[in-house]
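This report refers to the structure that appears directly beneath it.
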Amino acid sequence: MTRADTPAEVATEPIRLLDADGSLVESDANAEWRELAAQLTTEDRLAMHGEMLRTRRFDIEAGHLQRQGKLGLWVPSIGQEGAQVGAAWASREQDTLFPSYREHLIALHRGVDMLQIIDIFRGAVHGGWDPLETRGMRIYSLVIATHALHSTGYAMGIRFDGKCGTGDASTDEAVMAFYGDGAASQGDASEGLVFAASYDAPIVFFVQNNKWAISVPSSRQSRFPLHERARGFGLDAAWVDGNDPLASFAVTRRMLDAARQGRPGYVEADTYRMGAHTTSDDPTRYRPSDEEESWRRRDPIARLAAHLRELGVDDATLVDQDREATELAADMRRRTLAAGTAASDDIFDHVYSEPHPLVLEQKRALAEFEAGFGGDA
């Protein structure tokens, strides 16, 4: 990993520590990353596996709920859990994280309740959650790439306030922004890179290249690798196997700690969206099945499970984790079905801290409109 204003050899393959079969990859090229990954104990790696399982079971159940008419939309993250769990564990407690709308594992890792995520997609809330209560996890951004600017501005504020750059990684703050290859084509994403580099903002852009922005392949959007593009903006950049949780952790931890000292970074995680872009999408119309099958064999959960077995973790422990994940998803389903409908007043009551005449008039007008239908609106 080198500073973008120095010559760098173009990588021919992503940084990897675990092969698809879960075996360790040891080479001179990945020695520094193996050393960083060694910070993760067997217990840490088992916990990471549990988080991936919980997220996938949750994800699948949420998809079922949408198909049964309980959610307006669902955005699956199946296949991308490895990239996310590595990044989640690489972040430090004082960091602030800006997700897009597919970072379910990141949200759950930071303490967001499953139902809080579900409530967004069933239209029961008009925002999400309070970041002060979710350990710096900001709310989902459903408008593509807008949060690239929000996160960069927040990181610039951290630098202006002197909350980074002391050399103490345990207290220096950093920011991580998550988006995909499709968002990387948006102007806001490029503007974020410009300002991050210009102001040495303590931020890492974690880009999950899942190969498809709805129906357009990433290869058509960018004829040059995204991580190499980021170097042109003046950022440190790395390309990592996003289905390798250990490599994702090691690279992101190094990048975040460098960002704390004024070196903004960019991680391109090479991964794959196994499901649809959203439940309103049909990937069979544009994506070849053999491509999906090829990536299915690189499943990050199966990969880490195989690695854990090599470390001596028995199958019974892994089965227990899967059972727990299934039970948590079932509990989420029960709570979703029992949840009530949000009052329409909520959208007006939390716009300003004090009553505002225009908002009060809008609230009155909506109530009058709904009353015109008779009965309970």
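In what follows, every heavy atom counts, from backbone to side chain, and hydrogens, waters and symmetry copies are set aside.
Counting non-hydrogen atoms of other residues, nucleotides and ligands closer than 6.0 Å to CD1 of Ile60 gives a total above 12. With a 6.0 Å radius and a threshold of 12 heavy atoms from other residues, nucleotides or ligands, Phe369 has its CZ atom at or below the threshold. Applying the 6.0 Å contact sphere to CZ of Phe160 captures more than 12 heavy atoms from other residues, nucleotides or ligands.
Exactly one residue among Arg135, Met176, Arg253 makes a side chain to side chain contact (heavy atoms under 4.5 Å, CB included) with Ser91. That residue is Met176. Tested against Met332 for a side chain to side chain contact (heavy atoms under 4.5 Å, CB included), the candidates Ile117, Asp113, Leu65 yield a single pass: Leu65.
Listed here is the closest heavy atom pair of Ala88 and Leu105: CB-CD2, 4.2 Å. Across all non-hydrogen atoms, the minimal contact from Pro202 to Arg159 is CD-CB, 4.1 Å. Residues Ser151 and Ala177 come closest through the heavy atom pair OG-CB, 3.3 Å. Ile118 and Ala62 make their closest contact through CD1-CB, 3.8 Å (heavy atoms, listed as atom of the first residue, atom of the second, distance). Across all non-hydrogen atoms, the minimal contact from Leu36 to Phe249 is O-CE2, 3.5 Å. Scanning all heavy atoms of the two residues, the minimum distance from Ser190 to Phe233 falls at O-CE2, 3.6 Å.
Glu268 places a side-chain N or O within 3.5 Å of a backbone atom of His227 that can act as its donor or acceptor partner. Distance alone, capped at 3.5 Å, is enough to place a donor-acceptor pair between the His104 side chain and the Val75 backbone. Remark: side-chain polar atoms of Arg16 are not paired, donor with acceptor, to backbone N or O of Val25 under 3.5 angstrom. Side chain of Glu51 to main chain of Ile106: no donor-acceptor pair is present (N/O by atom type, distance under 3.5 Å, no hydrogens or angles). In terms of modelled atom types and a separation under 3.5 Å, the side chain of Arg260 and the main chain of Asp172 share a donor-acceptor contact. Distance alone, capped at 3.5 Å, is enough to place a donor-acceptor pair between the Asp244 side chain and the Leu18 backbone. The main-chain N or O of Pro245 is never found under 3.5 Å from a side-chain atom of Arg303 such that the two would form a donor-acceptor pair. At least one donor-acceptor pair under 3.5 Å links the side chain of Arg231 to the backbone N or O of Ala237. Under a 3.5 Å cut-off, the side chain of Ser294 and the backbone N or O of Asp290 do not form any donor-acceptor pair. Side-chain atoms of Asp188 never come within 3.5 Å of backbone atoms of His147 as a donor-acceptor pair (strictly under, hydrogens ignored).
Taking hydrophobic clusters as Ile, Leu, Val, Met, Phe, Trp and Tyr residues chained together by side-chain heavy-atom distances below 4.5 Å, Met274 does not share a cluster with Ile214. In the hydrophobic clustering of ILVMFWY residues, with side-chain heavy atoms under 4.5 Å counting as a link, Tyr154 and Leu132 come out apart. Taken together through direct or relayed side-chain contacts under 4.5 Å among Ile, Leu, Val, Met, Phe, Trp and Tyr, Trp239 and Met255 form parts of separate hydrophobic clusters. Cluster annotation: Leu226 is connected to Val194 through the hydrophobic network of ILVMFWY side chains, with a link wherever side-chain heavy atoms come within less than 4.5 Å. Ile78 and Phe58 are assigned to two separate hydrophobic clusters, defined by single-linkage of ILVMFWY side chains at heavy-atom distances under 4.5 Å.
Leu304 contributes atom CG, which lies 10.0 Å from atom CZ of Arg309 (distance to the nearest 0.5 angstrom). Summarising the geometry, atom CD belonging to Gln362 is positioned 11.0 Å from atom CZ belonging to Arg364; distances are rounded to the nearest 0.5 Å. Atom CG in Leu328 sits 15.5 Å away from atom CZ in Arg333 (nearest 0.5 Å). Trp212 contributes atom CH2, which lies 6.0 Å from atom CD of Glu291 (distance to the nearest 0.5 angstrom). Interatomic distance, CZ of Arg102 versus CD of Gln80, reported as 5.5 Å (0.5 Å rounding). Distance check: Met156 CE to Tyr199 OH gives 5.0 Å after rounding to the nearest 0.5 Å.
Under the 4.5 Å side-chain criterion, counting only non-hydrogen atoms from C-beta, Val85 is not in contact with Thr55. Looking at Trp74 and Asp59, their side chains come closer than 4.5 Å, going by heavy atoms from C-beta outward. Looking at heavy atoms from C-beta onward, Val125 lies out of side-chain contact with Gln116 at the 4.5 angstrom threshold. Between Arg56 and Asp299, some side-chain heavy-atom pair lies under the 4.5 Å cut-off. Considering only heavy atoms from C-beta on, Leu46 comes within 4.5 Å of Gln321 through its side chain. Using a 4.5 Å heavy-atom cutoff, the side chains of Gln84 and Glu81 are not in contact. Counting heavy atoms from C-beta outward, Arg34 and Leu24 have side chains that stay 4.5 Å or more apart. When side chains are defined from C-beta on, Trp295 counts as touching Asn243, because their heavy atoms get closer than 4.5 Å.
A side-chain donor-acceptor contact under 3.5 Å links Gln221 and Ser185. Donor-acceptor pairing under 3.5 Å is recorded for the side chains of Asp314 and Thr317. Remark: the Thr166 side chain and the Asp168 side chain contain no N/O donor-acceptor pair separated by less than 3.5 Å.
A salt bridge is defined here as a Lys NZ or Arg NE, NH1 or NH2 lying under 4.0 Å from an Asp or Glu carboxylate O, and Arg122 with Asp119 meets this definition. Using a 4.0 Å cut-off between charged nitrogen and carboxylate oxygen, Arg254 and Glu32 count as a salt-bridge pair. Taking the charged nitrogens against the carboxylate oxygens, Asp270 and Arg298 have no contact shorter than 4.0 Å, which rules out a salt bridge. Ionic pairing of Asp95 and Arg92 is not present here: no N-O contact between side-chain nitrogen and carboxylate oxygen is shorter than 4.0 angstrom.
A distance below 6.0 Å separates the ring centres of Tyr140 and Trp129.
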Q. Between Leu149 and Phe98, is a side chain to side chain contact (heavy atoms under 4.5 Å, CB included) present by the stated rule, with each step listed?
A. CA-CA 10 Å; Leu149 296 177; Phe98 285 78; over 6 Å; no
Check your understanding: Given the rule in the side chain to side chain donor-acceptor pair (under 3.5 Å) test, do Asp281 and Thr278 qualify, once you have shown the distances and angles that lead to the verdict?
Key -> CA-CA 5 Å; Asp281 169 46; Thr278 71; over 6 Å; no
Problem - Evaluation steps, side chain to side chain contact (heavy atoms under 4.5 Å, CB included), between His49 and Val313 - result: CA-CA 12 Å; His49 180 261; Val313 176; over 6 Å; no
Margin query: One pair to check against side chain to side chain donor-acceptor pair (under 3.5 Å): Glu103 and Gln208. What are the steps and the verdict?
Written below: CA-CA 10 Å; Glu103 281 68 49; Gln208 297 164 83; 2.7 Å; yes
- Applying side chain to side chain contact (heavy atoms under 4.5 Å, CB included), run through Ile144 and Tyr179 and close with a yes or a no. CA-CA 8 Å; Ile144 308 298; Tyr179 53 83; over 6 Å; no
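Screening residues 303-340 for ring-ring contact (aromatic ring centres under 6.0 Å, His included), with sequence neighbours left out, gives no hits. Screening residues 316-331 for salt bridge (charged side-chain N to carboxylate O under 4.0 Å, His left out), with sequence neighbours left out, gives Arg54-Glu324, Arg57-Asp322, Asp320-Arg323, Asp331-Arg334, Asp331-Arg335.
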